[in-house]
Trainee: 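What follows is a single structure, and I will ask about it in a moment.
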Amino acid sequence: CGIANFEPLVSYFYDNYSYLSTIPNAVAMPADSSYPAGLDNGMGMLTGKAVWEDWYQILTTYRYDDRKRIVLEYENNLDGVYSIHTFSKYNFAGDLTGKKTVYNNTDLGLTYTSEYAYSYNNWGALTRVQHKMNNGAWTTLRTYSYDEVARKSSETVFPGGSSSNSKRTNYGYNLRG
């Protein structure tokens with residue numbers, strides 16, 4: 001039961017990574033030693049997506065950790081022009097602690113990296129968001145403070161990572177919360 005002259009524009013792959021051997025120009029998964037590599041078994045999970053158009057073909061592959069959280073998302077233009085890979089890591093409680101995205105464009109000869117770090121207090125509430133580009137220094141983008149009953153008491157935003165023009169918002173609560 002098929003439709004004559006029909007070609008799917010999007011294909012979804014589940015459970016494993018065997019589809020990679022059937023797609024022309026699919027490349028090996030990237031790795032970063034400071035982030036988990038993910039499991040080879042994606043049972044029950046979306047492991048890939050291919051988009052086929054006349055002028056572009058994109059393959060996205062997803063790898064998961066043992067708690068079924070995405071630890072690597074790899075988008076690859078099958079013409080070899082660009083790739084984007086995003087690594088994620090989590091703490092024991094399941095909070096995102098780091099995210100690193102690497103952009104490659106072979107036509108333009110460009111590669112750049114954007115990395116975020118997330119810090120949490122003992123209650124699991126987000127306390128700081130930091131960012132860095134390429135191998136630059138970490139800059140703080142936001143900080144959060146909480147009162148003794150874990151309600152947000154302040155939020156400070158650092159536009160462009162600069163403390164000189166930071167904006168602080170204080171939160172107050174009445175007896176009813």
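Given the structure is predicted, the values throughout are model-derived calculations rather than measurements. All values below come from the heavy atoms of this structure, side chains included, with hydrogens, waters and symmetry mates left out.
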Trainee: Between D147 and S153, does a side-chain hydrogen bond (donor to acceptor under 3.5 Å, both in side chains) hold up when you go through it step by step?
Mentor: CA-CA 6 Å; D147 65 16; S153 59; over 6 Å; no
Trainee: With sequence neighbours left out, write down each residue that passes side-chain contact (heavy atoms from CB on, under 4.5 Å) with N16, or none if nothing qualifies.
Mentor: S18
Trainee: List the atom of D15, the atom of T47, and the distance in Å for their closest heavy-atom pair.
Mentor: N-CG2, 3.8 Å
Trainee: Could you check if a side-chain atom of Y19 sits within less than 4.5 angstrom of a side-chain atom of T61, using non-hydrogen atoms only?
Mentor: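 Heavy-atom side-chain distance check passes, below 4.5 Å.
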Trainee: What heavy-atom pair brings P159 and S166 nearest, and what distance separates the two atoms?
Mentor: CD-CA, 4.1 Å
Trainee: Going only through I, L, V, M, F, W and Y residues with side-chain contacts under 4.5 Å, is there a path from L59 to V10?
Mentor: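 Hydrophobic grouping puts L59 with V10.
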Trainee: What distance separates T86 OG1 from Y74 OH, expressed to the nearest 0.5 Å?
Mentor: 11.5 Å
Trainee: Give the minimum heavy-atom separation between T60 and E73, together with the two atoms involved.
Mentor: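 So the two residues come closest at CG2-CG, 3.9 Å.
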Trainee: Could you tell me whether the side chain of N105 reaches within less than 4.5 Å of the side chain of Y103, counting heavy atoms only?
Mentor: no
Trainee: Is there a path from L126 to F92 through hydrophobic residues (I, L, V, M, F, W, Y) whose side chains come within less than 4.5 Å of each other?
Mentor: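 In one cluster: no.
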Trainee: Sequence neighbours excluded, which residues qualify as side-chain contact (heavy atoms from CB on, under 4.5 Å) partners of S119?
Mentor: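 Applying side-chain contact (heavy atoms from CB on, under 4.5 Å) to S119 gives T127, R128.
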Trainee: Is there a path of hydrophobic side-chain contacts, each under 4.5 Å between heavy atoms, that joins Y112 and Y82?
Mentor: yes
Trainee: With side chains defined as the heavy atoms from C-beta onward, is the minimum distance between L39 and D66 less than 4.5 Å?
Mentor: yes
Trainee: Are more than 12 heavy atoms from other residues, nucleotides or ligands located less than 6.0 Å from atom CG of N122?
Mentor: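 Incorrect, the count does not exceed 12.
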Trainee: List the steps and the verdict of side-chain hydrogen bond (donor to acceptor under 3.5 Å, both in side chains) for Q130 and Y118.
Mentor: CA-CA 7 Å; Q130 293 180 291; Y118 305 93; over 6 Å; no
Trainee: Mind listing the closest non-hydrogen atom pair of K68 and M43 along with its distance?
Mentor: NZ-O, 3.3 Å
Trainee: Name every donor-acceptor pair, under 3.5 Å, that has one atom in a side chain of residues 131-140 and the other anywhere in the protein, sequence neighbours excluded.
Mentor:
residue : atom : partner : partner atom : Å
H131    : NE2  : S114    : OG           : 2.8
N134    : OD1  : T113    : N            : 2.8
T139    : OG1  : H131    : O            : 3.1

Trainee: Can you list every pair that meets salt bridge (charged side-chain N to carboxylate O under 4.0 Å, His left out) and has a residue in residues 155-174, with sequence neighbours left out?
Mentor: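 For residues 155-174: R142-E155, K152-E155.
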Trainee: Just wondering, more than 12 heavy atoms not from Y171 lying within 6.0 Å of its OH?
Mentor: yes
Trainee: At what distance, to the nearest 0.5 angstrom, does CG of N170 lie from OG of S154?
Mentor: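 Interatomic distance, N170 CG to S154 OG, rounded to 0.5 Å: 5.5 Å.
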Trainee: Are side-chain heavy atoms of P36 and D65 found at a separation under 4.5 Å?
Mentor: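 Not in contact.
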Trainee: How about L96 and S88: do any of their side-chain heavy atoms sit closer than 4.5 Å?
Mentor: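 Counting from C-beta outward, L96 and S88 do come under 4.5 Å.
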Trainee: Please list all pairs meeting salt bridge (charged side-chain N to carboxylate O under 4.0 Å, His left out) that have one or both residues in residues 109-126, counting only residues at least two apart or in different chains.
Mentor: none
Trainee: Under 4.5 Å between side-chain heavy atoms, hopping through other hydrophobics if needed: is there a path connecting F87 to Y116?
Mentor: no
Trainee: I would like to know whether L46 and Y64 meet side-chain contact (heavy atoms from CB on, under 4.5 Å); could you show each step before the answer?
Mentor: CA-CA 10 Å; L46 175 68; Y64 300 87; 4.0 Å; yes
Trainee: Can you pull the salt bridge (charged side-chain N to carboxylate O under 4.0 Å, His left out) pairs that have at least one residue in residues 29-50, sequence neighbours excluded?
Mentor: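 Counting only pairs at least two positions apart or across chains, the salt bridge (charged side-chain N to carboxylate O under 4.0 Å, His left out) contacts touching residues 29-50 are D32-K100, D40-R63.
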Trainee: Show the nearest heavy-atom pair for residues I70 and Y90, with the distance to one decimal.
Mentor: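 Where I70 meets Y90 most closely, the heavy atoms are O-OH, 2.9 Å.
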Trainee: Would W52 and S11 count as a side-chain contact (heavy atoms from CB on, under 4.5 Å) here? Give the steps.
Mentor: CA-CA 8 Å; W52 312 100; S11 299; 3.7 Å; yes
Trainee: Given Y120 and T97, is the side-chain contact (heavy atoms from CB on, under 4.5 Å) satisfied, shown in steps?
Mentor: CA-CA 8 Å; Y120 301 87; T97 59; 4.3 Å; yes
Trainee: Taking the side chain as C-beta and beyond, is there a heavy-atom pair between V157 and L141 under 4.5 Å?
Mentor: no
Trainee: Kindly give the heavy-atom pair with the smallest separation between E75 and I58, and that separation in Å.
Mentor: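 Closest heavy-atom pair between E75 and I58: CG-CG2, 3.4 Å.
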Trainee: Please tell me if the side chains of L20 and F13 come closer than 4.5 Å, counting only heavy atoms from C-beta onward.
Mentor: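 Heavy-atom side-chain distance check fails, nothing below 4.5 Å.
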Trainee: With heavy-atom distances below 4.5 Å as the criterion, would you say the side chains of Y62 and V71 are in contact?
Mentor: no
Trainee: Measuring from atom CG of L72 to atom OH of Y35, what distance do you get when rounded to the nearest 0.5 angstrom?
Mentor: 11.5 Å
